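Structure first, commentary second.
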Amino acid sequence: SLKISSLDKVNKKIQVIVESTPITVDLVLGETKKVDLDKDGVYDLSIKFNNLIGDMIDLSLVNIVILEKTGLHVGDLIKTAKDSAVYYVDASGKRNLFVNGVTFWTWYSGNWSDITYKGAKKTIKVITQSDFDGLAIGKNITVNPGAKLIKFQNSPRVYTVTLGRVLREVVKSSGDDSAAKALYGAKYKTKLITIQNGFESDYTRGEALTAISAMPTATEEIEVIVN
């Protein structure tokens, strides 16, 4: 675990104590340091001081050991040779499943041989089964907020995805689609994708939207979704 032991707002410096056996790390804004937790000469963790807003401190933690053993990096896309499923490697060294292709393409653009994420080229790394099994199981990745309207196979209801994996209904079970048409236009179905029923539990439900609701526009980083 981590504890912030001191905060210098003027110079934008913090002091972090890494427990169980306490290790003190001093960081200035934007700085990254590696930590050897068990003092075996091998770094286990990296800590980055990303931002400071008031008393809110934004830190990134990366499990170096897991990633260095496999040669992977945070944000890598991976699969095994015998399975077409694609996973995202997060900062904890976990593998997070893209539940289907349509979900994947709400985050990335291009095609399977030319993948782009926010202007950067990405490739899917094929790793060994043993390296794959060595990665802890993370979360199922949900649809990028605001990118698409979604429905599940077992229901006519249609939702938009908002921050925090929250579904906001825009087409009712009765087929009333007045909210969808008002917010997304008469051709809203062109934005519609279908998700397997088994992944419905990856989301929570919020308040239904109406024809006079403000259209949700906020988006999230993929690393936020998996953490």
Side-chain angles (χ1 to χ4, degrees), residues 1-78 86-98 104 106-109 115-125 127 131 134-142 144-147 161-166 216-227:
S1 63
L2 295 180
K3 181 173 70 176
I4 307 298
S5 59
S6 69
L7 167 62
D8 180 348
K9 292 184 181 180
V10 175
N11 295 307
K12 295 186 176 180
K13 296 174 64 177
I14 60 174
Q15 188 173 82
V16 179
I17 297 178
V18 182
E19 301 173 328
S20 49
T21 301
I23 299 173
T24 300
V25 181
D26 293 310
L27 294 166
V28 296
L29 185 63
E31 186 178 13
T32 302
K33 286 187 178 178
K34 296 180 179 180
V35 181
D36 178 4
L37 296 175
D38 50 11
K39 298 183 179 179
D40 63 352
V42 177
Y43 289 119
D44 304 288
L45 182 75
S46 75
I47 308 171
K48 182 178 180 182
F49 183 9
N50 294 314
N51 203 359
L52 175 63
I53 302 175
D55 291 331
M56 296 291 291
I57 297 170
D58 178 14
L59 295 177
S60 293
L61 305 179
V62 176
N63 189 326
I64 298 173
V65 172
I66 293 175
L67 297 182
E68 287 191 349
K69 282 182 178 178
T70 57
L72 297 174
H73 302 87
V74 176
D76 277 351
L77 302 173
I78 61 168
V86 177
Y87 296 77
Y88 175 93
V89 178
D90 67 22
S92 299
K94 295 179 180 178
R95 48 181 163 94
N96 302 269
L97 173 67
F98 289 98
F104 179 91
T106 66
W107 292 99
Y108 299 87
S109 59
I115 302 169
T116 301
Y117 180 68
K118 294 188 174 181
K121 296 293 184 182
K122 303 290 289 186
T123 58
I124 299 174
K125 297 182 179 181
I127 66 174
D131 282 346
L135 299 174
I137 298 172
K139 297 179 179 179
N140 292 335
I141 296 176
T142 49
N144 189 359
V161 182
T162 58
L163 299 182
R165 302 169 173 246
V166 176
T217 57
T219 60
E220 283 180 309
E221 298 292 330
I222 193 168
E223 190 65 30
V224 174
I225 291 288
V226 298
N227 287 314

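The analysis underlying the following values was restricted to heavy atoms, covering all of them including side chains, and did not include hydrogens, waters or symmetry mates. Along the sequence shown, residues are numbered consecutively beginning with 1. All values reported here derive from a predicted model rather than from experimental measurement.
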Practice task
List the atom of Asn51, the atom of Leu29, and the distance in Å for their closest heavy-atom pair.
Solution key: CA-CD1, 3.6 Å
Problem - Gap separating the CG atom of Leu7 from the CE atom of Met56, nearest 0.5 angstrom - result: 12.0 Å
Practice task
Report yes if some heavy atom in the side chain of Leu77 is under 4.5 Å from a heavy atom in the side chain of Tyr117; otherwise report no.
Solution key: no
Exercise for the section: Classify the angle between the aromatic ring planes of Tyr88 and Phe98 as parallel (below 30°), tilted (30 to 60°) or perpendicular (above 60°). Expected result: perpendicular
Exercise for the section: Might you confirm whether atom NZ of Lys33 has over 12 heavy atoms from other residues, nucleotides or ligands at distances under 6.0 Å? Expected result: yes
Exercise for the section: Decide side-chain contact (heavy atoms from CB on, under 4.5 Å) for Asn96 and Ile222; before the verdict, give the C-alpha distance in whole Å, the side-chain angles of both, and the deciding distance to 0.1 Å. Expected result: CA-CA 10 Å; Asn96 302 269; Ile222 193 168; over 6 Å; no
Practice task
In plain terms, say whether Glu221 and Lys118 are close enough for a salt bridge, that is, a side-chain N and a carboxylate O under 4.0 Å apart.
Solution key: yes
Exercise for the section: May I ask you to decide whether Asp55 forms a salt bridge with Lys9, counting only side-chain N to carboxylate O separations under 4.0 Å? Expected result: yes
Problem - Spacing of CG belonging to Asp36 relative to CD1 belonging to Ile23, to within rounding of 0.5 Å - result: 6.5 Å
Completion exercise
Exactly one of Lys125, Arg95, Lys94 clears salt bridge (Lys or Arg N to Asp or Glu O under 4.0 Å) with Asp76, and that residue is Lys125
Practice task
Any chance you could measure Thr142, atom OG1, to Arg165, atom CZ, to the nearest 0.5 Å?
Solution key: 4.0 Å
Problem - Phe49: partners by ring pair (Phe, Tyr, Trp, His ring centres under 6.0 Å), with sequence neighbours left out - result: none
Handout entry: side-chain contact (heavy atoms from CB on, under 4.5 Å) between Leu72 and Asp131, intermediate numbers included
Key = CA-CA 10 Å; Leu72 297 174; Asp131 282 346; over 6 Å; no
Problem - Sole candidate of Thr32, Leu27, Ile14 that passes side chain to side chain contact (heavy atoms under 4.5 Å, CB included) when paired with Ile47 - result: Leu27
Practice task
Verify side-chain contact (heavy atoms from CB on, under 4.5 Å) between Thr24 and Gln15, making sure each step is shown before the conclusion.
Solution key: CA-CA 7 Å; Thr24 300; Gln15 188 173 82; 3.3 Å; yes
Handout entry: Closest non-hydrogen atom pair, Phe104 against Val86
Key = CE1-CG1, 4.0 Å
Problem - Exercise: identify the closest heavy-atom pair between Leu163 and Val166 - result: O-CG2, 3.5 Å
Exercise for the section: Using the side-chain contact (heavy atoms from CB on, under 4.5 Å) rule, take Val89 and Thr70 through it: C-alpha gap first, then chi angles, then the decisive distance, then the call. Expected result: CA-CA 11 Å; Val89 178; Thr70 57; over 6 Å; no
Handout entry: Point-to-point distance, once rounded to the nearest 0.5 Å, from NZ of Lys121 to CD1 of Ile115
Key = 10.0 Å
Problem - Closest approach of Pro145 to Glu220 (non-hydrogen atoms, all atoms of both residues) - result: CG-OE1, 3.6 Å
Practice task
State whether the side chain of Lys12 and the backbone N or O of Gly30 hold a donor-acceptor pair below 3.5 Å, judged by distance alone.
Solution key: no
